[in-house]
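Data block below; observations after.
Letters go in sequence order (proteins before strands), and every chain restarts at 1.
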Protein chains: 2
Amino acid sequence: MGSCDTCLVRNRAICSALDGEEVQLLNAIGRRKALAAGDPLIWEGDDSLLVANVIEGMLKLTNSTEDGREQIVGVVYPSDFIGRPFGARANHSVTALTDARVCIFARSDFDRFAADHPALEHKLLERTLTELDRTRSWMLLLARKSAEEKVATFLLDMSARLVDSTCTTPHHGPLDEFELPFSRQQIGDILGVTIETVSRQMTRLKRDGVLDLPTRRSVRILDRLALEAMAG
Amino acid sequence: MGSCDTCLVRNRAICSALDGEEVQLLNAIGRRKALAAGDPLIWEGDDSLLVANVIEGMLKLTNSTEDGREQIVGVVYPSDFIGRPFGARANHSVTALTDARVCIFARSDFDRFAADHPALEHKLLERTLTELDRTRSWMLLLARKSAEEKVATFLLDMSARLVDSTCTTPHHGPLDEFELPFSRQQIGDILGVTIETVSRQMTRLKRDGVLDLPTRRSVRILDRLALEAMAG
DNA sequence: CGCCTAATTGATTCTTATCAATATTCGTGG
DNA sequence: CCACGAATATTGATAAGAATCAATTAGGCG
């Protein structure tokens, strides 16, 4: 209980770079932590004191202006890495979107351990490069796309991303039916638009027969080609 | 000529992680390349065939929509690293903004070399983490800030960033007078607004006595506090 | 069943894009 | 050195898109 042996993400997280003995060592410096939806883990601007791996659940990374406008700058899923190693400052807040479990390390402990384990750093580098690419691609959406394009892109992105978590179906490729893990407000915070704009775009997609929205949180894509055309 | 010994960025680029002998080896697999302003180096979507270090000049990283809208997702300066190691695909285009010199490596050569030199990978990891933080912070600006806030933030950012390159003045801290390395169009592409909007905001800042704009490319900050207040 | 929150819908305003017309700067060649 | 042309920037008028403000409406949960 609570050891790496039984860890759900043992084979996908950066720990997969380590052999049995090394995992023991890492296990010794980390500990599990449970978060309820809404719980904060890291505050923007604070000293960077901890890093973590997501075991279960989803968390958001946010930046805010002084007057309270918030932007979700990233969402992390199981096996993803959280925090800022090798740096003094946390540049964004991290908050649980759902109930979640994470495996946390004091940053100084982790930094030391990483320095001794190049394979771990290599995994972390690959992940960070991928995340940087993903983030940069998202900038195009935030800066240049219309609300319609944003919502269409978001839905396609979710449809592709949520595949991993549904191991029930043997079929691969993007899902045409899924549950949104976000509220309308959170979708707005991700896309950089207001909740009303998200709502209007969703309604319009439904009216035009591109989607069906059986419940608030569920989406069924009826016309994927149309949705892709709208995504710009 | 063209060797690492005489390299301008030898002590700042990721190569600084290497000792003399290792630098020799790296030198053997890299070569210099000169770019004129406007020259492309990497195309978005192409196979990732090369990575590089910037020796001199500035380059832009861009993503584009199919219908031609372009967003600058990053700007790289001397000593910065370019390209996507350990990945098959280049996710953004890289184009010289000024005449530039870079030190390029075949990606496969670089990947192999990096795998054997953990200290190099560590430097690259630190850089990538910093760049990811910077990029995420920029998302808040793109998604949530008004045109006025964007331009004010941009000018303050330039004022802080351009310090390094002017070694003439012994004083430290942000510059109150500097030359913009970007055209209005490029500023628009960075901020996610049109050239007209950039122009109008600049004119307004000048009219309000916050700035002086002696030439198109030069800026003198007259009231830094006001500018900071506007940056949001 | 009723309450509280989340979401939708409508009316209006504000911001910024777009379209269009100068104006300025810079480089080049006479 | 000046004149010309091309590229760059500014300025103005208008329109489109999304935010804001304001009611409702629907869902979820005790």
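Distance B/Ile195 CD1 to C/dT24 P: 16 Å, rounded to the nearest Å. Between the CD atom of A/Glu148 and the P atom of C/dA17 there is a distance of 18 Å, given to the nearest Å. Taking atom CG of A/Leu205 as the reference point, atom P of C/dT8 lies 12 Å away to the nearest angstrom. Between the CD1 atom of B/Ile187 and the C1' atom of D/dT10 there is a distance of 14 Å, rounded to whole Å. Distance, A/Lys206 NZ to D/dA26 P: 11 Å, rounded to whole Å. Going from atom CG of B/Leu180 over to atom P of C/dT25 covers 15 Å, rounded to whole Å. One atom, CZ of A/Arg204, and another, C1' of C/dA7, lie 18 Å apart when rounded to the nearest Å. One atom, CD of A/Gln201, and another, P of C/dT9, lie 12 Å apart when rounded to the nearest Å.
Side-chain atoms of B/Arg224 and B/Ser159 form a donor-acceptor pair, as typed in the model, at a separation below 3.5 Å. Side-chain contact of B/Thr65 with A/Lys145: a donor-acceptor pair under 3.5 Å is absent, judged by distance alone. One side chain, A/Thr130 or B/Arg84, offers a donor N or O that lies under 3.5 Å from an acceptor on the other.
In terms of phosphate contacts, A/Ser183 brings no side-chain nitrogen or oxygen within less than 4.0 Å of OP1 or OP2 of C/dA6. Side-chain nitrogen and oxygen atoms of B/Thr194 include at least one within less than 4.0 Å of the OP1 or OP2 phosphate oxygen of C/dA17. Residue A/Arg200 places none of its side-chain N or O atoms closer than 4.0 Å to OP1 or OP2 of D/dA18. The phosphate of D/dT11 (OP1 or OP2) has no side-chain N or O of B/Ser199 nearer than 4.0 angstrom. The side chain of A/Thr215 contributes no N or O atom lying less than 4.0 Å from OP1 or OP2 of D/dG27. In terms of phosphate contacts, A/Thr197 brings a side-chain nitrogen or oxygen within less than 4.0 Å of OP1 or OP2 of D/dA19.
Toward the 5' end of DNA chain C, the nearer of the two residues A/Arg217 and B/Lys145, judged by each one's closest nucleotide, is A/Arg217. With the nearest nucleotide of DNA chain C identified for both A/Arg144 and A/Arg216, A/Arg216 has the one nearer the 5' end.
Within a 6.0 Å sphere centred on CZ of A/Arg220, other residues, nucleotides and ligands contribute 12 heavy atoms or fewer.
Contacts of B/Val193 with the nucleic acid, taken as non-hydrogen atoms under 4.0 Å apart, involve only primed sugar atoms and P, OP1 or OP2.
Checking B/Leu8, B/Val54, B/Asn53 one by one against B/Arg101, the side-chain contact (heavy atoms from CB on, under 4.5 Å) holds for a single residue, B/Leu8.
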